[in-house]
Amino acid sequence: MSIHRDREWEERLETGAEDDELLALAARLRRAGAATRATPSLAFQRQLRRDLLSQYPVAPRRGANVWRWVGSLAAVALLAVVIGLMWFSISSSGRLSFGGAANGQAETAIASLPDGSIYLEMHGYNSTLEALAPGEMLSLNGRWRIPANVANGADLTAFLQLRAEAGAVVAQADGPLTSEYIETRNGREAWWFLLSLALPEDLPPGEYLLVTGLVGADGQRLPVFDQQVGDEIVIGPVTIGQTQDADPKVTVLAVSPTSASSTNDNSGVDSASPTNRLVDYSVNGAVVTETTTTDGSETQTTYLLVPGMTATVRSRWSLATPSIGLAAFVQLLDQDNQVIAQGDAPLEPAVDGADQAPYAATIPITLPAEMPPVPTSL
Amino acid sequence: MTHDDEAALVERAAQDPAAFATLYDRYVERIYGYVARQVEDKTVAQDITAATFEKALRHIGRYRPSETGLAPWLYTIARHEIAQHYRRGRFAAPWRRRDGDEEEPTAPGSREGRPIESLLLAGERDGALHAALRRLGEADRDLLTLRFLEELPTEDVAAILGCSRANVYVRLHRALARLRGQLERADLAKEMPR
């Protein structure tokens with residue numbers, strides 16, 4: 001083609017003409033592009049926006065004079081000293097108790113120092129928060145970004161609470177964090193979690209509030225950053241409707257109903273697929289350590305629970321269909337089958353014994369400090 | 001699409017979170033959409049999008065509006081992050097084909113043959129076109145994606161690819177011709193008796 005004709009073709013391309021085979025192909029590509037464009041979720045957009053804004057102030061422009069650098073260094077040093085002092089004071093007395101009310105002093109102390117705080121990156125829910133019904137599971141998946149100089153994620157427990165308008169906790173789930181180093185995030189430590197909240201069957205329809213946060217090994221809440229520093233992050237309002245017959249959006253594995261004082265019936269099944277099976281489990285910490293095999297044999301085990309401490313239930317599962325995104329839960333029930341405590345954890349590929357039990361979950365369950373001396377079921 | 005206030009916002013963005021937030025809001029969907037065409041799942045697309053904007057925030061002071069528009073600058077960062085992702089090969093895996101084309105899966109870590117759009121895009125309406133696009137070389141695919149799927153102006157594509165506007169037209173002409181060839185070959189293959 002001549003230069004003149006090339007220019008003509010370029011102009012027609014710019015105007016979107018389709019009177020040439022290649023121009024028609026270009027138009028077809030444009031239409032295909034528009035039809036297949038992915039859009040990010042609003043939750044992701046909001047979370048990333050929050051993360052980015054929390055990183056201010058950014059580096060000054062090139063060409064800034066040396067005094068600006070000196071001033072910045074001095075400010076950073078001063079800031080580090082202030083952070084250290086504040087963290088020390090909060091660690092010693094100012095933080096909040098797990099499930100307790102907000103501590104204004106802690107918020108004020110850290111609010112001006114978001115860089116030393118812990119952030120949540122939310123990756124989504126199992127369902128929309130507007131369309132939940134009693135009895136359904138609400139799963140929250142996300143990452144906590146925990147600066148290594150603030151805390152070790154391995155020592156922390158994530159919690160998820162559903163609260164009534166009056167502030168009463170109507171459902172709660174707790175679970176450990178899994179380390180996940182992300183190179184693209186300035187080398188910060190990221191800790192993944194998946195929490196599943198079982199909505200009570202008798203939950204009255206209405207508006208509730210979903211909050212999440214972190215608890216240290218000492219049972220105290222950690223300061224977390226969400227616009228400002230607090231001891232929890234409000235995920236959003238949740239509307240609970242009437243019970244629906246529709247299938248739940250997430251398959252939920254039920255821990256074997258083995259009682260502390262009853263015979264194991266080898267029925268560790270999931271509610272949606274009867275061929276999923278709890279192969280075995282063990283309970284450690286806060287109890288006399290026992291391992292119970294549910295695979296064919298009948299075992300009776302009695303545990304001695306220590307109020308106020310955290311037990312860890314390790315369970316291994318065989319699934320009918322390999323799946324991801326499932327969570328296992330364990331509940332401590334009283335004689336009236338009321339839930340005294342509950343823990344949840346994501347089901348992950350098992351490291352050992354993968355032939356018979358390819359999936360495993362390590363579920364921490366924190367026992368209430370006040371427990372009546374009556375038999376309970378796990 | 002460019003905005004008259006962009007240079008002023010960029011100028012303020014190094015110190016003013018609200019200015020950067022405005023820029024972020026303008027471009028996050030476009031950058032995410034572009035990245036999602038290139039990688040295999042939503043989580044990776046989110047990570048790369050986040051890395052792109054984090055890098056943009058860190059280096060906003062180095063950006064010169066007089067040299068290039070903000071959109072090509074952000075796309076350039078995103079392209080670099082995508083390349084890094086595939087170079088690391090951390091998540092690379094042979095990608096699933098949906099259209100039965102006969103191309104062999106490529107080795108993990110290779111950028112060749114990676115999905116031109118995310119598997120999440122279940123609403124793909126022109127399978128033959130996308131299959132033909134996937135069979136093109138990386139340079140052609142990149143060029144056609146930026147210019148037509150992303151609908152970037154030619155001068156922005158030139159800025160991203162580091163070439164002249166005239167050169168972009170020449171390359172577009174050739175890439176479209178090769179795409180047409182791929183489509184014709186696919187049509188012939190369908191017509192041949194098995």
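Every chain is numbered from 1 and lettered A, B, ... according to where its sequence line falls, protein lines coming before strand lines.
When heavy atoms are compared at a cutoff of 4.5 Å, B:Thr49 approaches chain A by way of both its backbone and its side chain. Heavy atoms of B:Glu29 lying under 4.5 Å from chain A belong to its backbone as well as its side chain.
A:Pro40 approaches B:Val28 most closely through the heavy-atom pair CG-O, 4.4 Å. The shortest non-hydrogen separation linking B:Leu183 to A:Arg28 is CD1-NH1, 3.9 Å. Nearest heavy atom pair, residue A:Leu52 against residue B:Leu57, reads O-CD2, 3.3 Å. Counting all heavy atoms, side chain and backbone alike, B:Tyr24 lies closest to A:Leu48 at OH-CB, 3.3 Å. Annotation for B:Leu149 and A:Ala32: closest pair CD2-C, 4.3 Å, computed over non-hydrogen atoms. Contact record, A:Ser41 with B:Gln46: OG-NE2, 4.3 Å, taken as the closest heavy-atom pair.
Residue A:Leu13 holds its CG atom at 6.5 Å from CG of B:Leu172, rounded to the nearest 0.5 Å. Rounded to the nearest 0.5 angstrom, B:Glu150 CD and A:Leu29 CG are separated by 12.0 Å. For the atom pair CZ (B:Arg30) and CZ (A:Arg37), the distance works out to 7.5 Å, reported to the nearest 0.5 Å. Here the NE2-CG distance, from B:His173 to A:Leu22, works out to 5.0 Å after rounding to the nearest 0.5 Å. Remark: B:Phe20 CZ to A:Arg49 CZ distance equals 10.5 Å, nearest 0.5 Å.
Between chain A and the options B:Asp25, B:Thr154, B:Leu144, the largest number of non-hydrogen pairs under 4.5 Å is found for B:Asp25.
Under the 3.5 Å distance criterion, the side-chain polar atoms of B:Arg147 are left unmatched by any main-chain donor or acceptor of A:Ala26.
Looking at residues two or more places apart in sequence or on another chain, you find no ring-ring contact (aromatic ring centres under 6.0 Å, His included) involving B:Tyr169. Here B:Tyr75 pairs with B:Tyr34 under the ring-ring contact (aromatic ring centres under 6.0 Å, His included) rule; sequence neighbours left out.
Between A:Phe44 and B:Tyr32, the ring planes lie tilted relative to each other; the angle falls in the 30° to 60° range.
With a 6.0 Å radius and a threshold of 12 heavy atoms from other residues, nucleotides or ligands, A:Arg46 has its CZ atom at or below the threshold.
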